[in-house]
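In what follows, every chain begins at residue 1, and chains take the letters A, B, ... in the order their sequences are listed. For clarity, every value in this text was computed on a predicted model and none was experimentally measured.
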Protein chains: 2
Amino acid sequence: MIEPAKTPYHHGDLPTALLFSARSMLEQDGVAALKLRAITRHAGVSATAAAPHFGNLTGLLSALAAIGFTELAEVMAPEHAVQPRDVALAYVRFAIANPGLFTLMFRSDAIDRQDPGLRAASGRAFACLAGLAQATPGADRAAMMVGLWGKVHGVATLAIDGMLSGLIPADSPQTIDAFLEQVFR
Amino acid sequence: MIEPAKTPYHHGDLPTALLFSARSMLEQDGVAALKLRAITRHAGVSATAAAPHFGNLTGLLSALAAIGFTELAEVMAPEHAVQPRDVALAYVRFAIANPGLFTLMFRSDAIDRQDPGLRAASGRAFACLAGLAQATPGADRAAMMVGLWGKVHGVATLAIDGMLSGLIPADSPQTIDAFLEQVFR
DNA sequence: CGCCTTATCTTTACGATGTAAAATTTCTCT
DNA sequence: AGAGAAATTTTACATCGTAAAGATAAGGCG
């Protein structure tokens with residue numbers, strides 16, 4: 001989780017404060033709420049205060065997406081997810097727990113996929129999935145990997161977009177988890 | 001495919017012309033290019049000419065998304081896709097052939113999912129997938145359906161976003177098709 | 001045929017957005 | 001202390017979506 005640090009510098013740790021504001025607004029009101037002026041307003045600074053740190057809005061959102069990929073890699077790491085099914089469940093659970101952030105991470109017109117920090121973070125997350133496909137024996141590893149990642153990513157995306165209402169139990173996290181375990185049996 | 005009709009009315013069949021402009025701009029420059037002023041400019045009318053027909057930008061884009069779902073339902077229809085694998089391949093092929101349109105169809109902040117025309121069209125498309133899960137015998141039909149749709153949707157989404165470069169052969173449509181058949185073996 | 005209602009389209013106007021440029025403030029370092 | 005660099009604000013501009021009001025042309029009806 002992000003937290004605004006003390007005030008070691010000029011006006012505080014503005015980069016972290018901006019990311020913190022952006023994330024809270026993101027989870028509250030969705031990706032549509034991620035306007036530069038709204039974020040800076042929420043952080044209590046002027047509209048152009050983010051430029052020296054992130055360049056432009058895309059840079060700021062790319063940094064936020066990188067945080068998302070770092071956290072996703074964390075919950076999929078081998079120490080937390082031992083079995084293949086654990087990795088799949090961690091992926092979907094992360095998406096359901098952080099719908100706005102997950103949406104941002106895969107929205108290519110709001111972020112810059114070439115951003116070095118973003119590339120590094122997303123690479124770390126995808127390595128967990130790649131290792132998973134490597135572990136399972138099969139004919140074509142690439143096809144296996146695409147199928148596995150596709151299933152995980154598709155279920156996560158559809159769940160976030162509310163496409164599975166009626167198909168997925170909406171009761172409690174426990175029943176959702178039980179249902180997901182059946183999907184990824 | 002959309003095509004601007006003759007000029008039976010005032011200035012022509014503007015609704016169709018606007019949808020035609022929007023679609024060509026969409027496939028040319030992506031979802032980010034779908035600005036109301038740009039679309040109307042492309043169609044040669046004033047910026048507010050779309051309002052009487054579509055209300056606002058969301059209405060126009062929802063109508064375009066509805067066209068997308070109609071075409072998706074078409075390629076997944078039983079007369080074109082007999083085996084379950086055919087339905088899956090049609091879904092992914094449609095996404096790869098119409099990346100911008102497919103992205104729009106699932107971008108919830110640009111369209112209105114409650115739009116009646118959109119609901120009808122998307123319902124028709126999803127019915128093809130539901131019937132597919134109904135055909136296959138299995139323990140929990142809902143879990144089967146979610147897993148199947150998720151895999152199909154995830155592979156399509158990841159392919160569109162360029163996430164599968166390196167995993168998927170980029171040579172020719174034939175090799176891509178062969179690869180996909182292996183994914184959905 | 002002539003008028004009148006209605007739908008279609010344009011003009012105008014307003015608030016909001018992203019960001020470039022210049023000015024201002026604040027920190028760091030010698 | 002004073003210079004230089006970094007951070008932040010002020011100002012300005014092009015663009016966006018759309019509401020309101022005016023202009024234009026079509027169809028219905030006498």
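With sequence neighbours excluded, no residue forms a salt bridge (charged side-chain N to carboxylate O under 4.0 Å, His left out) with A:Asp161. Among residues two or more places apart in sequence or in another chain, the side-chain hydrogen bond (donor to acceptor under 3.5 Å, both in side chains) test is passed with B:His53 by none. Evaluation of the side-chain hydrogen bond (donor to acceptor under 3.5 Å, both in side chains) rule for A:Asp109 yields B:Arg107 as partners, not counting sequence neighbours. Looking at residues two or more places apart in sequence or on another chain, you find a side-chain hydrogen bond (donor to acceptor under 3.5 Å, both in side chains) between B:Ser21 and B:His42. With sequence neighbours left out, A:Phe126 forms a ring pair (Phe, Tyr, Trp, His ring centres under 6.0 Å) with A:Phe69, A:Trp149.
A straight line from CG of B:Leu18 to C1' of C:dC9 spans 11 Å, rounded to a whole angstrom. Between A:Leu14 atom CG and C:dT26 atom C1' there is a gap of 14 Å when expressed in whole angstrom units. The CD1 atom of A:Ile39 sits 11 Å away from the P atom of C:dT17 (whole-angstrom rounding).
Regarding contacts with the backbone of D:dA6, every side-chain N or O of A:His53 stays at 4.0 angstrom or more from both OP1 and OP2.
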Checklist outcome for this item: Per-nt protein contacts along nucleotides 13-20 of chain D (heavy atom under 4.0 Å; B base, S backbone sugar-phosphate only, - none) come out as ---BBBB-

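Counting only heavy atoms from C-beta on, A:Val45 has its side chain closest to D:dT9 among C:dT8, D:dA7, D:dT9.
One finds a salt bridge joining B:Arg23 and B:Glu71 here, because a Lys/Arg side-chain nitrogen approaches an Asp/Glu carboxylate oxygen to under 4.0 Å.
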